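Note that this is a predicted model, so its numbers are computed, not measured. Count residues from 1 along the sequence.
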Amino acid sequence: MPPLHLRRAAVAVSAAALLPLALTACSGDSKDSSSGSTASAAKTSPSAAANDSMDMNKPFGAACSSVPKDGAGSFAGMAKDPVATAASHNPALSTLVAAVKKAGLVDTLNNAQNITVFAPTDDAFARIPQADLDKLLADKEQLTKVLTYHVVGRKLAPQQLDKGSFATLAKSELTTSGSDLAYTVNDTSKVVCGNVPTANATVYIVDTVLMPPQ
């Protein structure tokens, strides 16, 4: 065979021998890159989930900004006390606390375990005509019915409020709806500061007094 032909044959054989090695190297790089991406995703995914979980465990809502930063009326302070006592340290709930005392429900609420309280603000009570509010406060039986209608006998997490129906201590149901930490109770009362922890309850502060069905 002429020398030129011999050289061409040698080049072809060398190329054929090197091609599988090159393909194997590329395949290895691809796998390394893929596994690197997967490992990276695996590392970041739990962190993202943790952040979401942390957000859902914190109080939320525009009115939360008015809660004192420290002291007995702060979120940390309220978490140490049972719910009726905790509410007494929040200046926005003074009418509710007075009504609870008038109905004789302080011990009932403080001694209950794992409950949820939908707590109307002072502004919520102010929406009731004064004559009607005075009449309600003077009628212990009706007042007890109204106040216990704001209490569910188990703790409710925010995500349970998306579309819920819950039995209250007044033995009638209330409903909740919403999403993305924006919730309404009975289609009328907005949660303005929710997921507030106390020693024995979760509190959702609302802007309207809930009236039980007649």
Side-chain angles (χ1 to χ4, degrees), residues 48-67 75-76 78-79 81-88 90 92-93 95-97 99-100 103 105-128 136 141-214:
N51 287 337
D52 289 345
S53 176
M54 285 173 59
D55 289 341
M56 293 300 283
N57 288 333
K58 292 179 180 178
F60 63 87
C64 290
S65 61
S66 65
V67 173
F75 291 131
M78 291 177 71
D81 292 322
V83 64
T85 303
S88 71
N90 188 320
L93 301 177
T95 307
L96 172 64
V97 171
V100 167
L105 292 174
V106 172
D107 289 342
T108 299
L109 293 177
N110 277 349
N111 293 328
Q113 294 300 313
N114 299 321
I115 58 175
T116 296
V117 177
F118 292 92
T121 62
D122 290 351
D123 288 342
F125 279 99
R127 293 182 181 182
I128 302 174
L136 175 64
E141 181 179 352
Q142 184 62 20
L143 180 61
T144 299
K145 184 177 180 180
V146 169
L147 292 175
T148 54
Y149 183 63
H150 290 74
V151 185
V152 173
R154 60 192 176 101
K155 282 192 176 181
L156 300 176
Q159 58 267 33
Q160 291 176 275
L161 306 185
D162 287 2
K163 187 177 181 181
S165 180
F166 307 103
T168 69
L169 298 192
K171 302 188 185 305
S172 50
E173 303 271 324
L174 61 75
T175 61
T176 59
S177 60
S179 62
D180 299 326
L181 303 183
Y183 300 108
T184 303
V185 186
N186 285 357
D187 296 324
T188 57
S189 188
K190 304 290 185 183
V191 174
V192 294
C193 182
N195 207 30
V196 178
T198 72
N200 68 325
T202 299
V203 177
Y204 292 90
I205 300 174
V206 294
D207 68 356
T208 307
V209 176
L210 307 172
M211 292 299 177
Q214 299 298 321

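Side-chain atoms of Thr184 do not come within 3.5 Å of backbone N or O of Asp187 as any donor-acceptor pair. Ser189 places no side-chain N or O within 3.5 Å of a backbone atom of Val185 that could act as its donor or acceptor partner.
Looking only at side-chain heavy atoms (C-beta outward), Arg154 and Ile115 stay at 4.5 Å or farther from each other. With a 4.5 Å cut-off on side-chain heavy atoms, Thr116 and Val151 do not count as touching. For the pair His150/Pro120, a side-chain contact is recorded, criterion being any heavy-atom separation below 4.5 Å from C-beta on. Contact of the Pro158 side chain with the Tyr183 side chain is registered, since non-hydrogen atoms from C-beta on lie closer than 4.5 Å. Considering only heavy atoms from C-beta on, Leu136 comes within 4.5 Å of Gln142 through its side chain. Residues Leu147 and Leu96 form a side-chain contact, since some pair of their non-hydrogen atoms from C-beta on lies under 4.5 Å apart.
Remark: Lys58 NZ to Cys64 SG distance equals 12.0 Å, nearest 0.5 Å. Between atom CD of residue Gln160 and atom OG1 of residue Thr202 there is a gap of 9.5 Å, rounded to the nearest 0.5 Å. With rounding to the nearest 0.5 angstrom, the OG atom of Ser88 is 7.5 Å from the CG atom of Asp81. The distance from the CG atom of Leu181 to the CG atom of Asp162 is 9.0 Å, given to the nearest 0.5 Å.
The stretch residues 144-191 participates, sequence neighbours left out, in no disulfide bond (SG atoms under 2.5 Å apart) pair at all. Listed by first and then second residue, the ring pair (Phe, Tyr, Trp, His ring centres under 6.0 Å) pairs involving residues 152-176 amount to none (not counting sequence neighbours).
In the model, Asn110 has a side-chain atom that pairs as donor or acceptor with a side-chain atom of Thr85 under 3.5 Å.
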- Task: For side chain to side chain contact (heavy atoms under 4.5 Å, CB included), just list the numbers for Val117 and Val152, CA-CA rounded to whole Å, side-chain angles, deciding distance to a tenth of an Å, and then say yes or no.
- Result: CA-CA 6 Å; Val117 177; Val152 173; over 6 Å; no
- Take Thr148 and Thr168 through the side chain to side chain contact (heavy atoms under 4.5 Å, CB included) test and state the conclusion after the steps. CA-CA 7 Å; Thr148 54; Thr168 69; over 6 Å; no
- CA sep, side-chain torsions, deciding dist, call: Ser165, Glu173, side chain to side chain contact (heavy atoms under 4.5 Å, CB included): CA-CA 6 Å; Ser165 180; Glu173 303 271 324; 2.8 Å; yes
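The two residues Ala84 and Leu109 have their closest heavy-atom pair at CB-CB, 4.3 Å. When all heavy atoms of Asn111 and Asn200 are compared, the closest pair comes out as N-ND2, 4.4 Å.
The side-chain contact (heavy atoms from CB on, under 4.5 Å) search around Thr188 returns Asn186, not counting sequence neighbours. Under the rule for a side-chain contact (heavy atoms from CB on, under 4.5 Å), the partners of Ala63 that lie at least two apart in sequence or sit in another chain are Val192, Cys193. Residues that satisfy the side-chain hydrogen bond (donor to acceptor under 3.5 Å, both in side chains) test with Asp122, not counting sequence neighbours, are Ser94, Thr95.
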Would you tabulate the side-chain donor-acceptor contacts of residues 204-214 under 3.5 Å, counting partners in other chains and residues two or more places apart, or write 'none'?
from, atom 1, to, atom 2, distance (Å)
Tyr204, OH, Leu156, O, 2.7
Asp207, OD1, Lys190, N, 2.8
Thr208, OG1, Arg127, NH1, 3.2

